[in-house]
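Below, each value reflects all heavy atoms present in this structure, side chains not excepted, and no hydrogens, waters or symmetry copies.
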Amino acid sequence: MKRFYLLVIALALLSLYALSLGAADVANVWRYITYPLFDINSPSHQIIWEIRAPRIAAAILVGSCLGIAGVLAQGSTNNPLADPAILGTSAGASVGVLAGVLLNVVTIGSVGAVICASIGALLATLFTFSLARSALQLITIGIGVSAILTAVVGLVLSMATRADARSVSFWSFGSLALVTPRTLLILLPILLVCGFLAWQVAPAVDLLSLGDESVRHIGHDAQKIRLRAFAILATLVAVTVSSVGSIAFLALAAPHIARYLVGPRNRTLIFYSAAIGALILLFADSASRALFPPNELPIGLLTSILGAPILILTLKKGGDVWR
């Protein structure tokens, strides 16, 4: 647990520092940060506590959601390369929300958008898994499903004329710029509920590493375990996609880093991966705001820069060679 506490302390310190970063130059910025009730009616106070603080909180919540989703994706498929983006989950969530917006059923960032995204994410994940017959097929088919669904979203957006539909183009690389306190009210309860459910299903997911036949011999249904994990995974991805768009590689990288620190048990991984995911996303968001002010880099680009090497190293460590 000592390492977990260190991660939490690092996250708290980075959060405080992130409050000082932004396009607007705030005088006496640390006075406003260390004394939250100081001059509450000033523009500086509003910038720090009404604009930056919700964004930082959203980065922590979204990063935690994706960290847990990554653990479930890799554990339920028994594949270290599984990732919501690779499995088609993120693209399915995007299609679900876009369909809801175009049908005038939901608005972006609402509870209804999360429900539409959850349906799309779960259907896409189940479709990918139903077609795969091996770990390699799971990845290749998932990439194909993601490509098709992403293309569908791109085509629809290019032809759409409605402003609310075209505004979801930020999904391409993800952005925390549109976060509001209302977004936090949706993210927080879903993270808490799904985090608890993930913690409950984690011991069953551990059994999947034995293989489906072995799981059946000890009296468990492997497919039911996967379905529970996929439902939780789909909900976590849905709430992130419907709130801030698609953020690449974070759900892949966080569990691998956590596994390196604490081993393979999924219950422990859930806590560590959530903390690491939050730390990575908060760092990426802070960098996106600080590197070229007042311009903001797409956060998905920075998480890709951090996460892609994890994917490369994982493939490199596998035993496959050219034949």
Side-chain angles (χ1 to χ4, degrees), residues 3-36 43-70 85 109 170-181 183-184 187-188 191 239-241 243-258 261 272-310:
R3 290 175 176 175
F4 182 75
Y5 293 141
L6 291 176
L7 288 173
V8 172
I9 292 171
L11 189 60
L13 293 175
L14 182 58
S15 299
L16 288 175
Y17 180 68
L19 285 171
S20 67
L21 302 176
D25 187 15
V26 178
N28 300 317
V29 62
W30 285 105
R31 186 170 187 180
Y32 285 100
I33 293 173
T34 53
Y35 299 98
S44 296
H45 185 279
Q46 293 172 0
I47 289 171
I48 292 173
W49 292 108
E50 296 180 23
I51 297 176
R52 294 180 185 174
R55 179 168 179 157
I56 291 167
I60 294 171
L61 295 177
V62 169
S64 299
C65 285
L66 291 175
I68 296 172
F170 79 99
W171 282 339
S172 297
F173 293 108
S175 173
L176 293 169
L178 302 180
V179 165
T180 65
T183 308
L184 303 180
L187 282 167
L188 181 59
L191 172 61
V239 73
T240 62
V241 169
S243 301
V244 302
S246 297
I247 298 176
F249 283 108
L250 181 58
L252 173 65
H256 278 286
I257 299 171
L261 292 176
Y272 277 81
S273 186
I276 291 168
L279 194 60
I280 291 174
L281 188 57
L282 182 57
F283 179 83
D285 182 58
S286 301
S288 74
R289 292 185 288 129
L291 289 177
F292 302 104
N295 298 318
E296 213 174 278
L297 297 174
I299 193 170
L301 294 179
L302 294 176
T303 55
S304 294
I305 290 172
L306 294 172
I310 302 293

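- Summarising the geometry of V179 relative to P54, their closest heavy-atom pair is CG1-O, 3.7 Å, with the distance given to 0.1 Å.
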Worksheet entry | Stepwise side-chain contact (heavy atoms from CB on, under 4.5 Å) check, T240 with I247 | CA-CA 9 Å; T240 62; I247 298 176; over 6 Å; no

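- Between P255 and G70, the shortest heavy-atom distance links the atoms CG-C, 3.5 Å.
- Of the possible polar contacts, one joining the R289 side chain to the A18 backbone as a donor-acceptor pair under 3.5 Å is found.
- Smallest separation of non-hydrogen atoms from Y272 and F4: OH-N, 3.3 Å.
- Atom CG of L184 is separated from atom CG of L191 by 11.5 Å, given to the nearest 0.5 angstrom.
- Residues G67 and A254 come closest through the heavy atom pair CA-CB, 4.2 Å.
- L13 contributes atom CG, which lies 10.0 Å from atom CG of L279 (distance to the nearest 0.5 angstrom).
- Here the closest non-hydrogen pair linking A278 and I60 is CB-O, 3.4 Å.
- Taking every heavy atom of both residues into account, D285 and R55 meet most closely at OD1-NH2, 2.8 Å.
- At least one side-chain heavy atom of I276 sits less than 4.5 Å from a side-chain heavy atom of L261.
- From I299, atom CD1 reaches atom CG of L176 across 4.5 Å, with rounding to the nearest 0.5 Å.
- Distance check, rounded to the nearest 0.5 Å: CG of L14 to CD1 of I56 gives 8.0 Å.
- For the atom pair L302 CG and L250 CG, the distance stands at 12.0 Å (nearest 0.5 Å).
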Worksheet item: Hey, mind stepping through I280 and I257 against side-chain contact (heavy atoms from CB on, under 4.5 Å) and telling me if it holds?
Response: CA-CA 11 Å; I280 291 174; I257 299 171; 4.0 Å; yes

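- Note that CG of L61 is 10.5 Å distant from OG1 of T183, once rounded to the nearest 0.5 Å.
- Contact annotation: the side chain of F249 never approaches that of I305 to less than 4.5 Å [non-hydrogen atoms, C-beta and beyond].
- Side-chain atoms of L282 and S15, non-hydrogen and from C-beta on, do get closer than 4.5 Å to each other.
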